[in-house]
Amino acid sequence: MRLSRYFLPTLKETPSEAQIVSHRLMLRAGMIRQHAAGIYNWLPLGYRVLRKVEQIVREEQDAAGAQEVLMPTIQSADLWRESGRYDDYGKEMLRITDRHGRDMLYGPTHEEVVTDIFRNNVRSYKNLPANLYQIHWKFRDEVRPRFGVMRGREFLMKDNYSFDLSKEDARKSYNRMFVAYLRTFARMGLKAIPMQADTGPIGGDLSHEFIVLAETGESGVYVDNALLQKPIPENVDYDGDLQPIVDEWTSLFAATDEKYDPEKDEKPAGDVVNARGIEVGHIFYFGTKYSKPMGAVVTGPDGDEVVVHMGSYGIGVSRLLGAIIEASHDDAGIIWPESVAPYTVGLINLKAGDAACTKTCDDLYAALNAAGVEVLYDDRDERAGAKFADMDLIGVPWQVIVGPKGVAAGIAEIKNRKTGERSELPLDAVVSRFA
Ligand SMILES: Nc1ncnc2c1ncn2[C@@H]1O[C@H](COS(=O)(=O)NC(=O)[C@@H](N)CS)[C@@H](O)[C@H]1O
């Protein structure tokens, strides 16, 4: 993409309404613009990263055996009356009346909808286990939306729902998601620690939140330092027994401050630190909480009717962009991990008015694109300083800097955005370096 053509309204000034760094940088880098409180427009740069994050979530869900669906954002209130949550859910639920006077709502979550899909289409235990997921927009009328996409009212969530014949089988589904979550966040360069958590309006008695440690996090947490060093599971056999991995990750102390109070509870063993964290995922087992009132049953192996056991598993996809920036930035701006970066290379033409330099850069841009390298090409007629500042703000992992002197010497300068390390490369070696 050429910066001269990019719809990228960067800001020099820090917007006053932004209180945390990720919110400030997402506004300054032209990634989002607020539409209303807690509701955002996703501009080209921001949307590009959102889809990269979404894709990693999707890949790990597919690898774990979940199947992607798309459920409606607007739901009928009738299902929520069946589950008994219509009144309990409170003011966070955006309630709507359609032209025929029917009670509808903008979905804050989808347990009822997915249970309705299951009960209408599955009769036999032979179709279990089932695990359906979607990546879709949710609406929760938060009383105090803040911190940009971190606590929005309309936000993008990946939500899964699992269906099993028994609590034991449901535990296996839970474990598959637990491991998939460890892998998902690690692929985005995040250390997300699974912690015992409250179940809140979703319900159930088994739940873990996945928390990324960050000083601006809204959650207070207590975590054993050893958890931060643990290697992430690789080459996972999702049909195998994952309990040992889950046991390993839950044997050390980690709890949100809702579950552990240092004043009341005894001091846990280990090198436990108190920190702030961002909840990027939350998984629940809640048995028959929805399947019983909604009649989601299957015929069991011995012909009897069995109410299925369920769990639900959420990831805050849009929140993750904020979390990644909180975990990876510096004074100059965002530092995107390569796995979610909007572009891999930021190509900077230091002298747009110099014909030889511009031709070299244009040729390099074409060659990198032809090799499948995602390039953001600063071809603007701007001062070098402004170009460096913008590319550092946008946060692409690698900068390829070409000026008239470099062209004369046949070299480009390469800058690693994360380390600041600079090196030189012959111009004809740049494509192979990044392809
Ligand atoms: N207001 C919000 N803004 C941005 N992300 C949010 C917001 N509320 C929740 N999330 C994200 O969505 C994830 C899942 O939300 S949740 O309420 O914990 N869980 C559920 O909704 C379950 N139905 C899982 S499918 C959270 O872990 C958090 O990362």
Side-chain angles (χ1 to χ4, degrees), residues 20 22-23 26 32 34 36-40 42 50 53-54 57 61 66 68-69 71 73 75 80 83 85 89-94 106-115 131-163 173-174 177-178 180-181 184-185 188 190 192-204 206-212 214 217-219 221 256 258 277-286 289-290 310-324 326:
I20 61 172
S22 57
H23 188 194
M26 288 183 81
I32 56 171
Q34 179 168 308
I39 301 174
Y40 288 89
W42 289 83
L50 187 65
V53 169
E54 199 186 291
V57 172
Q61 286 300 315
E68 188 167 10
V69 298
M71 292 181 262
T73 51
Q75 301 176 18
W80 289 68
S83 69
R85 271 207 304 185
Y89 208 88
K91 290 193 177 317
E92 276 194 353
M93 178 181 280
L94 183 65
Y106 191 124
T109 184
H110 283 68
E111 278 81 6
E112 285 78 0
V113 174
V114 80
T115 304
N131 183 329
L132 303 177
Y133 80 94
Q134 66 171 351
I135 301 177
H136 211 354
W137 295 95
K138 297 273 189 290
F139 194 91
R140 293 183 184 176
D141 204 353
E142 302 273 354
V143 64
R144 227 159 42 93
R146 59 184 187 151
F147 298 169
V149 299
M150 206 70 93
R151 177 164 294 283
R153 289 198 294 165
E154 184 183 61
F155 58 96
L156 191 60
M157 187 198 287
K158 182 283 303 166
D159 44 319
N160 285 68
Y161 304 88
S162 62
F163 302 86
S173 292
Y174 187 92
M177 290 292 101
F178 188 101
Y181 275 41
T184 301
F185 301 122
M188 301 173 190
L190 294 175
I193 306 298
M195 301 196 175
Q196 309 152 30
D198 271 354
T199 56
I202 304 294
L206 168 64
S207 174
H208 284 89
E209 282 180 20
F210 286 72
I211 305 256
V212 172
E218 289 188 301
S219 307
V221 298
T256 57
E258 285 135 7
I278 302 166
E279 178 202 318
V280 290
H282 197 159
I283 61 176
F284 306 77
Y285 162 73
F286 43 66
K289 173 175 178 182
Y290 300 92
M310 292 175 61
S312 72
Y313 316 87
I315 287 182
V317 177
S318 49
R319 176 178 284 185
L320 272 166
L321 274 78
I324 292 167
E326 292 295 328

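A quick note: this is a predicted structure, and the numbers were derived from the prediction, not measured. Both ligands and their constituent atoms are indexed starting at 1 by order of listing.
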Undergrad: Between P108 and Y89, what is the shortest heavy-atom contact and its length?
TA: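 So the minimum-distance heavy-atom pair works out to CB-OH, 3.6 Å.
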Undergrad: With a cut-off of 4.0 Å, which atoms of ligand 1 are near a heavy atom of H282?
TA: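 It comes down to these atoms of ligand 1: 18 (O), 27 (O).
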Undergrad: Would you mind listing which atoms of ligand 1 come within a distance below 4.0 Å of any non-hydrogen atom of Y313?
TA: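 Numbered from 1, ligand 1 contributes 24 (C), 25 (S).
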Undergrad: Which atoms of ligand 1 are found less than 4.0 Å from any heavy atom of V280?
TA: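 Listed by number with element: 27 (O), 29 (O).
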Undergrad: Heavy-atom contacts with E142 under 4.0 Å: which atoms of ligand 1 show up? List them by number with element.
TA: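 Here the atoms of ligand 1 in question are 1 (N).
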Undergrad: Do me a favour and list the nearest non-hydrogen protein atom to atom 11 (C) of ligand 1 with residue, atom name and distance?
TA: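 Heavy-atom neighbour on the protein nearest atom 11 (C) of ligand 1: G316 CA, 3.6 Å.
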Undergrad: Who's the nearest protein heavy-atom neighbour of atom 10 (N) of ligand 1, and how far?
TA: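 Answer for atom 10 (N) of ligand 1: F155 CE1, 3.6 Å.
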Undergrad: For G314, does its backbone N or O pair with a side-chain atom of Y181 as donor and acceptor, under 3.5 Å?
TA: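 Yes, because the side chain of Y181 sits within donor-acceptor range (under 3.5 Å) of the backbone of G314.
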Undergrad: Measure from the ring center of Y40 to the ring center of F155 and say whether it is less than 6.0 Å.
TA: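 That pair fails the under 6.0 Å test.
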Undergrad: With only distance considered, is R151 within less than 3.5 Å of ligand 1 through an N or O on each side?
TA: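 No, there is no polar N/O contact under 3.5 Å.
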Undergrad: Among all protein heavy atoms, pick the one closest to atom 3 (N) of ligand 1 and tell me residue, atom and distance.
TA: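 So the nearest neighbour among protein heavy atoms is G152 N, 3.1 Å.
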Undergrad: Mark up the atoms of ligand 1 that fall under 4.0 Å of a heavy atom belonging to M150, in ascending order.
TA: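 It comes down to these atoms of ligand 1: 3 (N), 4 (C).
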Undergrad: Between E326 (side chain only) and S22 (backbone N and O only), is there a donor and an acceptor less than 3.5 Å apart?
TA: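 Yes; at least one donor-acceptor contact below 3.5 Å.
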Undergrad: Please verify whether a non-hydrogen atom of R153 lies at under 4.0 Å from ligand 1.
TA: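 Heavy atoms of R153 never come under 4.0 Å of ligand 1.
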Undergrad: Between Y133 and K158, is there a donor-acceptor pair closer than 3.5 Å when you use the side chain of the first and the backbone of the second?
TA: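 No; zero donor-acceptor contacts below 3.5 Å.
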Undergrad: How far is atom 24 (C) of ligand 1 from the closest protein heavy atom, and which atom is that?
TA: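 The protein heavy atom lying closest is G314 N, 3.3 Å.
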Undergrad: Do any heavy atoms of F210 fall under 4.0 Å from ligand 1?
TA: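 Judged by the 4.0 Å heavy-atom criterion, F210 does not count as contacting ligand 1.
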Undergrad: Donor-acceptor pair, distance only, cut-off 3.5 Å: does the side chain of S162 make one with the backbone of G311?
TA: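 Checked: pair present.
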Undergrad: So which protein heavy atom does atom 17 (O) of ligand 1 come closest to, and at what separation?
TA: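 For this ligand atom, the closest protein heavy atom is R140 NH1, 2.8 Å.
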Undergrad: Of all the non-hydrogen atoms in the protein, which one sits nearest to atom 26 (C) of ligand 1, and at what distance?
TA: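 It is E279 OE2, 3.0 Å.
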Undergrad: Does G281 have a non-hydrogen atom less than 4.0 Å from ligand 1?
TA: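 Yes, G281 has a heavy atom closer than 4.0 Å to ligand 1.
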Undergrad: Return a yes/no value for D159: is any of its N or O atoms, backbone included, closer than 3.5 angstrom to an N or O of ligand 1?
TA: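 No: no nitrogen or oxygen of D159 is under 3.5 Å from one in ligand 1.
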Undergrad: Suppose we measure from atom 28 (C) of ligand 1 to each protein heavy atom; which comes out shortest, and what is that distance?
TA: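 Going by distance alone, atom 28 (C) of ligand 1 is nearest to R319 NH1, 3.5 Å.
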Undergrad: Looking at R153 and P145, would you say the former's side chain and the latter's main chain have a donor-acceptor pair under 3.5 Å?
TA: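 Checking the backbone N and O of P145 against the side chain of R153, no donor-acceptor pair under 3.5 Å is found.
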Undergrad: Could an N or O of ligand 1 be found under 3.5 Å from any N or O of S318, whether backbone or side chain?
TA: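 It does not: no N or O of S318 is found under 3.5 Å from an N or O of ligand 1.
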Undergrad: Between K138 and E92, does at least one N-O distance fall below 4.0 Å, as a salt bridge requires?
TA: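 Looking at E92 together with K138, the answer is no, because their closest N to O distance does not fall below 4.0 Å.
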Undergrad: Looking only at non-hydrogen atoms, find the nearest pair between I278 and A323 and report the distance.
TA: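 Distance-wise, the nearest heavy atoms are CD1-CA, 3.9 Å.
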Undergrad: In terms of relative ring orientation, are F210 and F185 parallel, tilted or perpendicular, with 30° and 60° separating the classes?
TA: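 Aromatic pair F210/F185 classed tilted.
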Undergrad: Does the pair S219 and E279 meet the rule for a side chain to side chain donor-acceptor pair (under 3.5 Å), with working shown?
TA: CA-CA 7 Å; S219 307; E279 178 202 318; 5.1 Å; no
Undergrad: Is there a heavy atom of V149 sitting under 4.0 angstrom from any atom of ligand 1?
TA: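 Checking ligand 1 against V149, which is what was asked, there is a heavy-atom contact under 4.0 Å.
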Undergrad: Return the residue, atom name and 0.1 Å-rounded distance of the protein heavy atom closest to atom 14 (C) of ligand 1.
TA: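 Checking every protein heavy atom, the shortest distance to atom 14 (C) of ligand 1 gives M157 CE, 3.6 Å.
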Undergrad: Does ligand 1 have any atom that is closer than 4.0 Å to a heavy atom of E111?
TA: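 Contact present.
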Undergrad: Please check if any side-chain donor atom of S312 sits under 3.5 Å from a side-chain acceptor atom of E111, or the reverse.
TA: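 Side-chain D/A pair, S312 to E111: present.
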Undergrad: What pairs meet the salt bridge (Lys or Arg N to Asp or Glu O under 4.0 Å) rule with one or both residues in residues 312-321, with sequence neighbours excluded?
TA: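 The answer is none; no pair qualifies.
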